[in-house]
Chemist: 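My questions will all concern the structure given below.
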Number of protein chains: 4
Amino acid sequence: MGREEKKRQTKLAITNAAFKLFSENGYESTKVEDIVKLAGVSKGTFFNYFPTKEAVIEDFERISIYSEAEKLMNITSPVVPKLLSSLINIVHNLNYTRSLRRATLMATLSSANNLNNHIDNMNNLRALLIPIFKHGQETGEFTQKLSPETLADLTIQMFIGVLTHWCLGGGEDDLITQLMMSFDVFFKGISS
Amino acid sequence: MGREEKKRQTKLAITNAAFKLFSENGYESTKVEDIVKLAGVSKGTFFNYFPTKEAVIEDFERISIYSEAEKLMNITSPVVPKLLSSLINIVHNLNYTRSLRRATLMATLSSANNLNNHIDNMNNLRALLIPIFKHGQETGEFTQKLSPETLADLTIQMFIGVLTHWCLGGGEDDLITQLMMSFDVFFKGISS
Amino acid sequence: MGREEKKRQTKLAITNAAFKLFSENGYESTKVEDIVKLAGVSKGTFFNYFPTKEAVIEDFERISIYSEAEKLMNITSPVVPKLLSSLINIVHNLNYTRSLRRATLMATLSSANNLNNHIDNMNNLRALLIPIFKHGQETGEFTQKLSPETLADLTIQMFIGVLTHWCLGGGEDDLITQLMMSFDVFFKGISS
Amino acid sequence: MGREEKKRQTKLAITNAAFKLFSENGYESTKVEDIVKLAGVSKGTFFNYFPTKEAVIEDFERISIYSEAEKLMNITSPVVPKLLSSLINIVHNLNYTRSLRRATLMATLSSANNLNNHIDNMNNLRALLIPIFKHGQETGEFTQKLSPETLADLTIQMFIGVLTHWCLGGGEDDLITQLMMSFDVFFKGISS
DNA sequence: AATGAATGAGGCTTCATTCAT
DNA sequence: TATGAATGAAGCCTCATTCAT
């Protein structure tokens, strides 16, 4: 195993450990000491890979709900089934547990920087969804009482609602079941 | 002013200060020192009123979304307009700013105790909503494809979705507008 | 003993301890732990009085060679004996040991800030000396081949030379003896 | 280029880098990492050439003011001009900047070992100067009120005074000008 | 009841040094 | 001989909490 490969593994071990602990106990309660113990490296090594403890949390953005948004891009008619399967796919890839989603949400809430990232990502996703809904309106799938912008926004809101309610202990234990049921209602609500 | 009144005022000053700072900077970043400075009391006084710093956060539950749930109890047909006006009423009384809602959400996420409170409150609310939806189904307002339990759950989810999306920067600046628009879609989605 | 008096004593205990240790072992080798142990207070108390470890060193400026410069201001003819007695007086009040002077010199050398303070102080002292030498030249005490500015500068240099050579182990053990002998030669060198 | 030559060059690169950084930022603030980065070698290499970081500072003695003292040995009458030109020569060869002299002074102050080296060197120089002054007294160049030992000591003190005052920002920008002016006064002060 | 000085456990981070490659 | 990833002891500093006044 080459040096570079070893480095990648070390960094991964640290990230995974931090990941696990943050999601179980939250950022502030997780000590660097805990992370390195779980990762099986020394404290010095931790700071060889991350300048501060806070720097690790940025890797959490990797698993934000927006990470796979680009997959939504080439959706064609009929919109609903493909959109739904895309959303399911995103959730599937995120591989969330309730506690992991809570940790991710806390990460978003815990710093102005992360919050701004969230807003940027949300706007990007919104921009992707707008033409999709426009198209859907033209083909008669969706109500025209609401603008495509609003429809895009409500979709994101629905998605966040499912995730948040679920991570706070509500809904079905299986996130995807909950997601499908919720969007069933939602799509009916915005149908023409 | 009597001694008891003075004490109540002091406690209120502390709570309000903590309240403001938690909502602006989060729980962990807010120091007891900051709170007492803003409240205009000494550190010693703080600990005369609250055994620990964490004890203050429990007062945040005062503004949880469940605080006014009992007002939902005597809803009669037709369900939709009264339910909607109740929800609006709750939001109105909460007097949220985006940052205040973020703080409340962080408070819920930041301790197992608060999370359990949330779950208890949610279940209480759910218990209140179930007969309402049952009634609504009987009178033909709501679809019968979903159980009253599910409808209650989806309502809570919708409510949380609006609040979360909004506090993270999404939706209309006016929370009530956003709420009405969202529940319009939702009620259409669960109509019979 | 009042609270304020107690505070002054605590701060003094810390300063004195730091003072002693810095002069014996140097700034970097002295740990905050050492200081508080010697001062008989806790680490927390240290940081109640000084925001950082470095902040303590600024108190060292109190014993800089310039601290009593203002006493030079009202010197009248003949200049030499009064100037000499002033210099002796300054040294006397500084109460230097060789190691303490070394520590003070290191403090000056160890940060750009302290160095700038030194330069400022030096220029103030120089400004005080210039009219004195001007006066001394007019009354015929000093050579006119050198400007009053240069004479002031050479005086400071001589003073620093004595202190530095002495603290590095040279000269008489008694600093004042060394100072008098040196300025005897110096004043002869700049006599008219 | 032979292997030995390569090694010498590597060591020189390290020494020069350390040299530069110590003089700019001081010993403690200069990290081994900084040195090796500037020298263009790895950390491992550094420790192949020097057992510890502190070992590098001993190379600073190369540029101590005593390094060329032996040139003073065969001074003949008249003493003053030759002594002065020797001192100028020493300063010239040292090639000091103010910051470099500060670094050298800090090196002397920063360890008991270096301080002892300074004292040894000073005593050697003193031993060289004593017969010179004795000779100068016999030929009538210098006052007999002071012993040759004292004269030697005052000379060293003057030299150190010039260097210290200058490196702390005082005197002429050109060190040699400052040196000549100062020793002019000094030699007049010790003339017979 | 109010004060704020004192506490000290415990956190994050630094950095000279080692050693396997 | 050169490399640089890994190490871990040790340092500075924070801050909730206590308690004498």
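Letters A, B, ... are given to chains in the order of the sequence lines, protein chains preceding strands, and every chain is numbered from 1.
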Chemist: Rounded to whole Å, how long is the line connecting atom NZ of K6(A) with atom P of dC19(E)?
Modeler: 15 Å
Chemist: What distance separates N121(B) CG from H118(B) NE2, expressed to the nearest 0.5 Å?
Modeler: 8.0 Å
Chemist: dC12(E) C1' sits how many Å from Y27(A) OH, rounded?
Modeler: 10 Å
Chemist: Which sits closer to the 5' end of DNA chain E, P51(A) or G40(C), going by the nucleotide each is nearest to?
Modeler: G40(C)
Chemist: For dA1(E) and Y49(B) - does any side-chain N or O of the residue sit under 4.0 Å from the phosphate oxygens OP1/OP2?
Modeler: no
Chemist: Looking at R102(B) and C167(B), would you say the former's side chain and the latter's main chain have a donor-acceptor pair under 3.5 Å?
Modeler: yes
Chemist: Under the salt bridge (Lys or Arg N to Asp or Glu O under 4.0 Å) rule, what pairs show up with a residue in residues 40-52 of chain C, not counting sequence neighbours?
Modeler: E33(C)-K43(C)
Chemist: Given atom CG of D34(D) and atom P of dC15(E), what is their separation to the nearest angstrom?
Modeler: 8 Å
Chemist: Would you please name every residue forming a side-chain contact (heavy atoms from CB on, under 4.5 Å) with L38(B), sequence neighbours left out?
Modeler: A17(B), K20(B), L21(B)
Chemist: Given dT18(E), dA2(F), dT7(E), identify the nucleotide with an atom nearest to the side chain of F47(D).
Modeler: dT18(E)
Chemist: According to side chain to side chain donor-acceptor pair (under 3.5 Å), who are the partners of T10(C), at least two apart in sequence or on a separate chain?
Modeler: none
Chemist: F46(A) CZ to dT14(E) P: how many Å, rounded?
Modeler: 12 Å
Chemist: Between dT7(F) atom P and I14(A) atom CD1, what is the distance in whole Å?
Modeler: 9 Å
Chemist: Quick check: does any side chain N or O of D34(C) sit under 3.5 Å from a backbone N or O of K31(C), one acting as donor and the other as acceptor?
Modeler: yes
Chemist: Going by side-chain contact (heavy atoms from CB on, under 4.5 Å), name the residues that satisfy it together with T97(A), two or more places apart in sequence or in a different chain.
Modeler: S99(A), L100(A)
Chemist: For the backbone of V41(B) and the side chain of T45(B), can you confirm whether one donor and one acceptor N or O come within less than 3.5 Å of each other?
Modeler: no
Chemist: Would you mind telling me which of dT1(F), dT7(E), dC13(F) lies closest to the side-chain atoms of K7(D)?
Modeler: dT1(F)
Chemist: Which protein N or O atoms sit under 3.5 Å from an N or O of nucleotides 8-11 of chain F?
Modeler:
from   : atom 1 : to     : atom 2 : distance (Å)
dG8(F) : N7     : G44(A) : N      : 3.1

Chemist: Starting at NZ of K37(D) and ending at P of dA2(F), how long is that distance when rounded to a whole Å?
Modeler: 20 Å
Chemist: Tell me, which stems hold DNA chain E, with a stem being 3 or more Watson-Crick or G-U pairs in a row and both distances under 3.5 Å?
Modeler: E:2-21 with F:2-21
Chemist: Under 3.5 Å, is there a donor-acceptor pair between the side chain of K53(D) and the main chain of F50(D)?
Modeler: no
Chemist: Looking at T10(B), I'd like to know whether one of its side-chain N or O atoms comes within less than 4.0 Å of OP1 or OP2 on dA1(E).
Modeler: no
Chemist: Between atom CD in E4(A) and atom P in dA20(E), what is the gap in whole Å?
Modeler: 20 Å
Chemist: Which is more 5' along DNA chain F, the nucleotide nearest E28(C) or the one nearest V41(D)? Just name the residue.
Modeler: V41(D)
Chemist: Within the structure provided, determine whether V36(D) and I14(D) are in side-chain contact (heavy-atom separation under 4.5 Å).
Modeler: no
Chemist: Measure the distance from CD on Q9(B) to C1' on dA2(E) and round it to the nearest whole Å.
Modeler: 16 Å
Chemist: On a plain distance test, is the side chain of N48(B) in donor-acceptor contact with the base of dA1(E) below 3.5 Å?
Modeler: no
